[in-house]
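Okay, structure first, notes after.
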Amino acid sequence: MTGPSVAAGRELGRVEFGPDDLRRVREVVRTIVVERMPDRADNAVLAVHEVAVNSIVHGGGHGVLLIDETDDSLVFTIEDEDGTGSVPLLRDAGVDATSGRGLWIAQRLSDSLTIEARPARTRVRVHLRLAS
């Protein structure tokens, strides 16, 4: 899946994370979003959390969150060393499923979700438009 890339923007934060760092990921996202779009903070936190969990589960146990602000958006980029070279699937898991909804949830809570898969790296971007 392709979509907008991060235009020249300003880096607001970077968090390297593993299984024990998800609380910190959520706190950093909340702090940044509350300052710019407080009404979307909960959605941003959940969307980024879901993608970060996917990085841990499917991307070698750790990842990096980069937070950038462009002229019109906040962009949360989650990268991991997936190594498969295949694009993760967005799917609405069945009602009884206990997993498999992370990217689908992130897509629903954001304005745009982009996914890049390279042989040694997967990059998912959660885009939230700033109010004009």
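The first residue in the sequence is number 1, and the count goes up from there. Every value quoted in this text rests on a predicted model; they were computed, and no experiment measured them.
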Quick one, [X] and [Y] - any side-chain contact, counting heavy atoms below 4.5 Å?
{"X": "His62", "Y": "Asp80", "answer": "no"}
{"X": "Asn54", "Y": "Ile56", "answer": "no"}
{"X": "Val75", "Y": "Ile67", "answer": "no"}
{"X": "Glu116", "Y": "Arg118", "answer": "yes"}

Of all residues at least two apart in sequence or in a different chain, which pass the salt bridge (charged side-chain N to carboxylate O under 4.0 Å, His left out) check with Arg26?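 For Arg26, no residue satisfies salt bridge (charged side-chain N to carboxylate O under 4.0 Å, His left out) once neighbours in sequence are set aside.
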Applying salt bridge (charged side-chain N to carboxylate O under 4.0 Å, His left out), name anything that partners Arg40, two or more places apart in sequence or on another chain.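 For Arg40 the salt bridge (charged side-chain N to carboxylate O under 4.0 Å, His left out) partners, ignoring immediate neighbours, are Asp111.
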Residues forming a side chain to side chain donor-acceptor pair (under 3.5 Å) with Glu79, sequence neighbours excluded: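 Glu79: side chain to side chain donor-acceptor pair (under 3.5 Å) contacts with Arg121, Arg123.
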Results of side chain to side chain donor-acceptor pair (under 3.5 Å) for Ser110 - residues two or more places apart only: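 Expected list: none.
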In Å, rounded to the nearest 0.5 Å, how long is the span from [atom1] of [X] to [atom2] of [Y]?
{"X": "Ile115", "Y": "Arg125", "atom1": "CD1", "atom2": "CZ", "result": "12.0 Å"}
{"X": "His49", "Y": "Leu65", "atom1": "NE2", "atom2": "CG", "result": "13.0 Å"}
{"X": "Ile105", "Y": "Leu46", "atom1": "CD1", "atom2": "CG", "result": "6.0 Å"}

Tell me which donor-acceptor pairs under 3.5 Å the side chains of residues 15-25 have, and how far apart each pair is, sequence neighbours excluded?
residue	atom	partner	partner atom	Å
Glu16	OE2	Arg14	NH2	3.4
Asp21	OD2	Gly18	N	2.8

Starting from the C-alpha separation in whole Å, work towards a yes-or-no answer on side-chain contact (heavy atoms from CB on, under 4.5 Å) for Phe76 and Leu128. CA-CA 8 Å; Phe76 303 88; Leu128 297 175; 3.8 Å; yes
List the steps and the verdict of side-chain contact (heavy atoms from CB on, under 4.5 Å) for Val124 and Thr77. CA-CA 6 Å; Val124 178; Thr77 303; over 6 Å; no
Going hydrophobic residue to hydrophobic residue with side-chain gaps under 4.5 angstrom, can you get from Leu130 over to Leu66?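 No, Leu130 does not connect to Leu66 through the hydrophobic network.
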Hphob cluster co-occupancy, Val64 + Leu113, side-chain heavy atoms under 4.5 angstrom: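 Not linked; separate clusters.
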Run Arg30 and Asp42 through side-chain contact (heavy atoms from CB on, under 4.5 Å) and show every step you take. CA-CA 7 Å; Arg30 181 171 300 283; Asp42 289 340; 3.0 Å; yes
Enumerate donor-acceptor pairs with a distance under 3.5 Å from any side-chain N or O in residues 31-38 to protein atoms, sequence neighbours excluded.
residue	atom	partner	partner atom	Å
Thr31	OG1	Glu27	O	2.9
Arg36	NE	Glu69	OE1	3.3
Arg36	NE	Glu69	OE2	3.3
Arg36	NH1	Ile32	O	3.1

Evaluation steps, side-chain hydrogen bond (donor to acceptor under 3.5 Å, both in side chains), between Arg129 and Ser73: CA-CA 4 Å; Arg129 280 189 294 277; Ser73 298; over 6 Å; no
What verdict does the side-chain contact (heavy atoms from CB on, under 4.5 Å) test give for Leu74 and Asp68, after you've listed the backbone C-alpha separation in whole Å, the side-chain angles of each residue and the deciding distance to 0.1 Å? CA-CA 6 Å; Leu74 288 179; Asp68 295 287; over 6 Å; no
